[in-house]
Undergrad: 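This is the structure I want to talk about, given as structure tokens.
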Amino acid sequence: MEERVQLEKTFKPQWVWAIALGSAIGWGAFILPTEWMGKAGPIGAVIGLTIGALLMMVIAVSYGVLIEKYPVSGGEFAYAYIGFGRNHAFICGWFLTLGYICIVALNASALALLGKFMLPSLTNIGLLYEIGGWQVYLGEVAIATAALLIFAYFNIKGASISGKLQYIFCIILVAGVFLLTLSMLLSQSSDLSNLQPFFKPEIPALTGIIAIIAIAPWAYVGFDNIPQAAEEFNFPPKKAFMLIIYSLIVACILYSFMIIATAVAMPWQNLVAGKPIWGTGDVISDTLGAFGVLLLAISLCMGVFTGLNGFYVSSSRLLFAMGRAKVVPKVFSRLHPKHGTPYAGVLFTCAVCLFAPWFGRPVLLWIVDMSATGVTIAYFYTCFTAYKLFSWTEAADGKMVSPGKKLVALIGALSGLSFLGLLLIPGSPSALGAPSLIALLVWTVLGLAFYLYKRKEYNQIPKSTLDYYILGSTETIGKEDKTDTDTQVSIKIDA
């Protein structure tokens, strides 16, 4: 049995909180308020995002339980293995990898979008072609490429550097959003009456709210980066749950503030009807002038930087864990000889994302919409694994009696399935469009082909060895049947 490679424990609590919050608050908080208001109205959007945050907190209970018990890299990949076995772990890891990498790419492209708004003379240099109605310029490709390379460098240099930067960026982000919202509310040209009607008049209020709730897995994706870094905590893993809760609370507040800051400037229905490229940018520019634009640009940059950095951390740790388990090539489990970082995962994420700016933002949005499916699948696996950890009435097969936690885990699993249904069931308020479904099918077929290629080697690894590679222990976490299938029928947990 090969020796298990492990990451150093360098992440401080405030860095981990910043990874979760900064990953959740990316470009969307600053660019999408107009779109959200168009679906549900300003207050409908705030209510939908608040309910979404509460549902994420329910799901976070399961994450807290599993992080405390299994503080290893891989997060949902490891949890799917614990609860359902190696094949389900591959499925979960495959879709989650795509979700993380896509969000890195989309955050990089958001910088190019900011450039189009603030420095068009620099960004709109060298028209290359048009895709999906979006003109691709060499200038915007260069901006996105530079951002990807710079943050890849920081993440290879060391976890301490990326952690410190993430915390600093987050503090600036929170301060920027608060100051921006306060300035908009105090402006003489703003009026709270512009928030009316609170809900979109053309549809039932509940329909609009559900449409916003459906995007919660995407809006708050980032708190699940915490388990990816669990192996590197330099503090007790049991603190992770409250760090997740704090990050979700602040994320919900920041999203709500940006919606309100956008809506108070003018009647929101007029703003939505105008179909602006960037409604928030337009109203802040008109209301606060150069000061507002500068403050918005700084806040947006911080949101993008924290998203880039946070998902570089999570994608590289997920690939590291999968490489350590022999699911993907072994090179992903190697650490940098000087910095001790999973550099192969960082470089792979960077290499894949470098293609993204060349395809135009609409095409990238199709892929990202589809990637929300992968994140939702990971939520379900985590919650259902936690559900299996506990017993309703009496301890059996090493389980612990905790009907309350078992119920919360069940609600979380059902929430995950509900989110998945809202994305995949035709006719739902947030059903994926045809391009996104095609992208999902392509990624699924690629995953199937890769699994068939690796299946023999992967399934030949003894379960005790795989336990060691994934969980850091040769302790039996589930009774392995005679055919070495994936059914985990008992899980041990300490009271």
Side-chain angles (χ1 to χ4, degrees), residues 19 22-32 97-120 122-126 128-129 131-132 134-157 161-162 165-166 169-170 172-173 218-219 221-222 225 277-278 281 296-316 318-319 343 345-372 374-375 439:
I19 287 173
S23 300
I25 299 293
W27 62 274
F30 304 94
I31 295 175
L32 295 180
T97 299
L98 176 69
Y100 287 162
I101 291 177
C102 281
I103 297 173
V104 171
L106 193 62
N107 272 288
S109 77
L111 282 179
L113 184 63
L114 177 63
K116 281 180 176 287
F117 182 81
M118 294 197 63
L119 300 169
L122 178 63
T123 306
N124 298 342
I125 294 177
L128 300 175
Y129 40 77
I131 297 181
W134 180 271
Q135 293 181 325
V136 179
Y137 289 89
L138 186 60
E140 66 177 285
V141 172
I143 291 173
T145 299
L148 289 167
L149 292 174
I150 290 170
F151 279 93
Y153 172 77
F154 285 146
N155 274 271
I156 290 174
K157 284 287 289 183
I161 294 177
S162 61
L165 285 175
Q166 188 79 359
F169 291 156
C170 264
I172 299 174
L173 168 64
W218 176 86
V221 60
N225 287 352
I277 295 176
W278 187 12
L296 177 61
I298 292 173
S299 301
L300 175 56
C301 284
M302 293 303 104
V304 171
F305 291 167
T306 54
L308 274 170
N309 193 58
F311 283 101
Y312 257 127
V313 170
S314 58
S315 61
S316 60
L318 176 58
L319 287 167
Y343 68 97
V346 175
L347 291 175
F348 177 78
T349 300
C350 181
V352 172
C353 291
L354 285 174
F355 287 99
W358 299 89
F359 286 95
R361 192 170 178 83
V363 176
L364 190 57
L365 283 170
W366 296 339
I367 297 174
V368 171
D369 287 345
M370 170 271 294
S371 71
V375 175

Undergrad: Would you call C350 and Y312 a side-chain contact if the rule is heavy atoms closer than 4.5 Å?
TA: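 Result yes, sub-4.5 Å side-chain heavy-atom pair found.
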
Undergrad: Hey, does the side chain of W278 reach the backbone of F30 with a donor-acceptor pair shorter than 3.5 angstrom?
TA: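 Yes: the side chain of W278 pairs with the backbone of F30.
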
Undergrad: Please tell me if the side chains of W358 and L138 come closer than 4.5 Å, counting only heavy atoms from C-beta onward.
TA: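 W358 vs L138: side chains touch.
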
Undergrad: Are F311 and V221 close enough that some pair of their side-chain heavy atoms sits under 4.5 Å apart?
TA: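 Yes; the side chains approach each other to less than 4.5 Å.
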
Undergrad: Is any side-chain heavy atom of T349 closer than 4.5 Å to one of Y100?
TA: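 A side-chain contact is absent here, since even the closest heavy-atom pair is not under 4.5 Å.
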
Undergrad: What I want to check is whether the side chains of S23 and N225 have a donor and an acceptor closer together than 3.5 Å.
TA: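 Yes.
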
Undergrad: Indicate every side-chain donor-acceptor pair of residues 299-307 with a distance under 3.5 Å to a residue at least two apart or in another chain.
TA:
unit_1 : atom_1 : unit_2 : atom_2 : d
S299   : OG     : L295   : O      : 2.9
T306   : OG1    : G22    : O      : 2.9
T306   : OG1    : M302   : O      : 2.9
T306   : OG1    : G303   : O      : 2.9

Undergrad: Could you tell me if the side chain of L149 sits less than 4.5 Å from the side chain of Y153, heavy atoms only?
TA: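 A side-chain contact is absent here, since even the closest heavy-atom pair is not under 4.5 Å.
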
Undergrad: For F355, does the CZ atom have more than 12 heavy-atom neighbours from other residues, nucleotides or ligands under 6.0 Å away?
TA: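 Count not over threshold, so no.
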
Undergrad: Within the structure provided, determine whether V141 and Y137 are in side-chain contact (heavy-atom separation under 4.5 Å).
TA: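 Answer no - side chains too far apart.
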
Undergrad: What pairs with I150 under side chain to side chain contact (heavy atoms under 4.5 Å, CB included), at least two apart in sequence or on another chain?
TA: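 Counting only residues at least two positions away or on another chain, I150 forms a side chain to side chain contact (heavy atoms under 4.5 Å, CB included) with F154.
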
Undergrad: Do you know which two heavy atoms are closest between N309 and S162, and how far apart they sit?
TA: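 Smallest interatomic distance, heavy atoms only, reads ND2-O, 2.9 Å.
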
Undergrad: Is the shortest side-chain heavy-atom distance between V346 and V313 below 4.5 Å?
TA: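 No, too far: nothing below the 4.5 Å cut-off.
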
